[in-house]
Amino acid sequence: MKKKSLFSVLGTWVNRVMYPGREVDRLAEEKIISPGRQMLKSFLHNRLAMSGLIIFLACLLLVTVGPQFSPLDLSYTDGTQQNVAPGYDMMKVPSEIVKNIAQIQPGPTFGFALTDSGEIASWGKTGITSIIDLADVPEDVQKADIALLAVGSNHAIAVDSSGKIYGWGSNRLGQLDFPRKIDEYQIKQLVAGNNYSALLDVDGTLVLWGNSNGTDLKVKKDYQGNIEQVALADNCYVALTKDGAAVYAGFNTSALLSNVPDGLESGVVQVAATAYTAAALKEDGTVVVWGNPARGENRIPEHDSKIIKLYGGRYHYVAECEDGTYIAWGNNTHGQCDIPADLAEGKAEAAVVSVGYYQNYVISTTGELYTWGLKGYLFGTDELGRDVLNRIINGGKVTMTVGAVSVIISLIIGVIFGLLSGYFGSWIDLIISRLAEVVNSLPFLPMAMILSTVIGSRISQEARMYLIMVIQGFLYWPTSFRIVRAQVLQARENEYIVAARAMGEKESSIMFKQILPNILSQLLVTATLSFATCMLTESSLSYLGFGIVAPTPTWGNMLKGANDSTVIQLYWWRWVFTALIFGITTISINLMGDGMRDAVDPKSLER
């Protein structure tokens, strides 16, 4: 035995004399550790279990706090944002061309620019289909001296300095089938919209072509030769005449923009349009909006200066005021109304302004670029244009809620039946045990599918979610029942239970106050592992179409929506991210459960 040094002996003696309580506490801590503390200590020293806990808490935080910052709109769909790949490059203008841009044309997920030298540049998600990419500008267009450029939802058109017109992109609905003798027009304005386009001749003649199914492409003869400007909505258009009137020049009297408000017969200086509304700017700076302003397009904010210019996006308007400031209103889902401070305060003079879809571009006279609006999607979008990340966050909340409530229901039933069966035994034990065996022998998925089909078709979506919780709770309780029963059978013969009986304590008090607290650790392990199982079951039911159905998202029905060979090959982000976070969450829960089970098991603590 190694002999202690003089300094060590003196240090121990000083500690015992000066701080006697510290020495006693240290020795007591080494010798006496409660089972709960020992379990916690063992769990905290298990690296896999702690990793699982940290990952699970991160996922739980994402699906509980995330919906507060990314709320879900079940009615939201957008055909212009279908199957958009992940990335934030929709407004990433090449820096080398910013100071040479003469014109910017925003598209649904991309942008095009025409430089001072007549060259065309593009950025963003320009792929229209797996075959058509708008970034593939035809060679003859690249060689031409382009003077005007217009970009629509899936096609682009351009006019060179000699008046020749070009087009590329999708032609499925005749977007590129130019009218006869189109090269004879002296084009003043060139506009591309949702599967159709328009040109305005210097003499006031308007020509439209493209999708004629549901879109009014005709112009009344009374207006031809008197049109000063045109603005395109989704399936109709509005025009400004040379004498200052805002008019609907088409023939479809049931079109959204056909009912032009009174007071716009004169004094209008500009017209603009969103997908479903039109706006007229009058000489006095007032703006009149009509159509279907369901997204707030008619809620013009207060402003101190007169509006002198007006621009329309898909669901929002941007206006330039006389003092150089800018205002915006309408839908702000993608931040398209969040104008940069310099522009909102009039600190930057604009040389180029472009507004379209969800993107806004302003280039100042000093060459500084301002962009705001939709930059892209971190996880891409689905077949209806919905943000995959938003649905993962809100779908995870539903999936975890269903799993947690199902576990709680199964635990309540299992604990009550387990306590009664294990404590009283006899015929009570016999009946409950046989019932548990019957329930446990039922094939779970077929039973859940049958119940969900028979009952679920008659109730609302919210009630269907509650039904899934109840079904899982009632079909999973035998697992916790067997654990509780086994523990109670062992605990009821212990001395403290016998003593409690001898003292006349009530049976219910013995079960819930004496026995139950001693088996909580085992129940915690069971609940943790059952949580992952219930999440998987709910997702399996939703994947098979018998659980919670769209538009309410769950991780299961999101994967069901990606169950297609085309989606798997071309739109990988629709299933990869959902499957990844689902797998990470369930694995982390299982790691936690395994760590708890090892901490509870005394044999695993032996050295």
Side-chain angles (χ1 to χ4, degrees), residues 55-91 108-110 124-125 275 294-296 313-316 330-338 357-359 372-404 461-462 464-465 535 538-539 542-543 547-564 567 570-586:
I55 294 172
F56 170 72
L57 290 177
C59 294
L60 183 64
L61 189 67
L62 176 68
V63 302
T64 53
V65 180
Q68 306 300 322
F69 299 94
S70 182
L72 177 68
D73 181 3
L74 293 177
S75 64
Y76 178 85
T77 60
D78 192 340
T80 68
Q81 303 297 308
Q82 293 177 347
N83 296 317
V84 178
Y88 286 111
D89 57 349
M90 290 186 185
M91 291 194 293
T109 60
F110 51 82
K125 306 291 188 300
R295 295 168 178 83
R314 182 156 180 81
Y315 300 126
H316 76 290
N331 180 269
N332 196 32
T333 301
H334 304 293
Q336 59 266 42
C337 295
D338 297 335
Y357 289 91
Y358 303 111
Q359 289 79 30
W372 70 98
L374 179 60
K375 294 180 173 61
Y377 304 90
L378 183 62
F379 287 177
T381 64
D382 64 8
E383 75 281 6
L384 295 178
R386 299 171 298 192
D387 188 350
V388 171
L389 176 59
N390 174 267
R391 291 183 67 78
I392 284 176
I393 292 172
N394 290 275
K397 181 180 179 181
V398 175
T399 299
M400 285 194 178
T401 301
V402 171
Q461 180 77 303
E462 186 177 358
R464 190 184 184 94
M465 182 172 68
M535 287 175 55
E538 180 279 322
S539 296
S542 297
Y543 180 80
I548 301 169
V549 296
T552 301
T554 71
W555 289 343
N557 63 31
M558 288 181 68
L559 291 173
K560 178 180 183 294
N563 187 19
D564 183 270
V567 173
L570 300 179
Y571 311 125
W572 55 269
W573 56 88
R574 285 177 49 186
W575 61 271
V576 165
F577 295 115
T578 307
L580 189 63
I581 192 169
F582 193 11
I584 289 173
T585 303
T586 52

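In this text the structure is predicted, and so the values were computed from the model without any measurement. We use all heavy atoms of the structure for the numbers below, so side chains are in, but hydrogens, waters and symmetry mates are not.
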Could you tell me whether a side-chain N or O of [X] sits under 3.5 Å from a main-chain N or O of [Y], the two making a donor and an acceptor?
X      : Y      : answer
Asn394 : Pro67  : no
Arg391 : Pro551 : yes
Ser70  : Gly66  : no
Thr586 : Gly583 : yes

With sequence neighbours excluded, tell me which residues meet side chain to side chain donor-acceptor pair (under 3.5 Å) with Thr80.
-> Asp78

Would you check, one step at a time, whether the test side-chain contact (heavy atoms from CB on, under 4.5 Å) holds for Asn331 with Gln336?
-> CA-CA 8 Å; Asn331 180 269; Gln336 59 266 42; 3.3 Å; yes

Taking atom [atom1] of [X] and atom [atom2] of [Y], what is their separation to the nearest 0.5 Å?
X      : Y      : atom1 : atom2 : answer
Glu383 : Asp564 : CD    : CG    : 10.0 Å
Ile584 : Ile55  : CD1   : CD1   : 7.0 Å
Met91  : Phe110 : CE    : CZ    : 14.0 Å
Ile392 : Thr554 : CD1   : OG1   : 11.5 Å
Asp73  : Asp387 : CG    : CG    : 12.5 Å

CA sep, side-chain torsions, deciding dist, call: Leu62, Ile581, side-chain contact (heavy atoms from CB on, under 4.5 Å) = CA-CA 11 Å; Leu62 176 68; Ile581 192 169; 3.5 Å; yes

Determine the sole option in Val84, Thr109, Asn390 for which the side-chain contact (heavy atoms from CB on, under 4.5 Å) test with Thr381 is passed.
-> Val84

Step by step, would you call Lys125 with Asp89 a side-chain contact (heavy atoms from CB on, under 4.5 Å)?
-> CA-CA 7 Å; Lys125 306 291 188 300; Asp89 57 349; 2.3 Å; yes

Under 6.0 Å between ring centres, would you say that holds for Trp555 and Phe582?
-> yes

Does the side chain of Gln81 come under 3.5 Å of the side chain of Tyr377 through a donor N or O and an acceptor N or O?
-> yes

Hey, does [Y] have a side-chain heavy atom less than 4.5 Å from the side chain of [X]?
X      : Y      : result
Val388 : Met558 : yes
Asp382 : Arg574 : yes
Pro553 : Leu72  : yes
Leu374 : Gln359 : yes
Met535 : Val402 : no
Met400 : Leu60  : yes
Arg295 : Tyr315 : yes

So, for Pro108 and Met90, which heavy atoms are closest and what is the spacing to 0.1 Å?
-> O-SD, 4.4 Å

So which heavy atom on Pro86 is nearest to which on Trp572, and how close?
-> CG-CH2, 4.1 Å

Within 45° of the axis and under 6.0 Å from the centre of the six-membered ring of Tyr357, does NZ or CZ of Arg314 qualify?
-> no

Any idea how Phe379 and Phe577 line up, ring-wise: parallel (<30°), tilted (30 to 60°), or perpendicular (>60°)?
-> parallel

What pairs with Trp372 under ring-ring contact (aromatic ring centres under 6.0 Å, His included), at least two apart in sequence or on another chain?
-> none

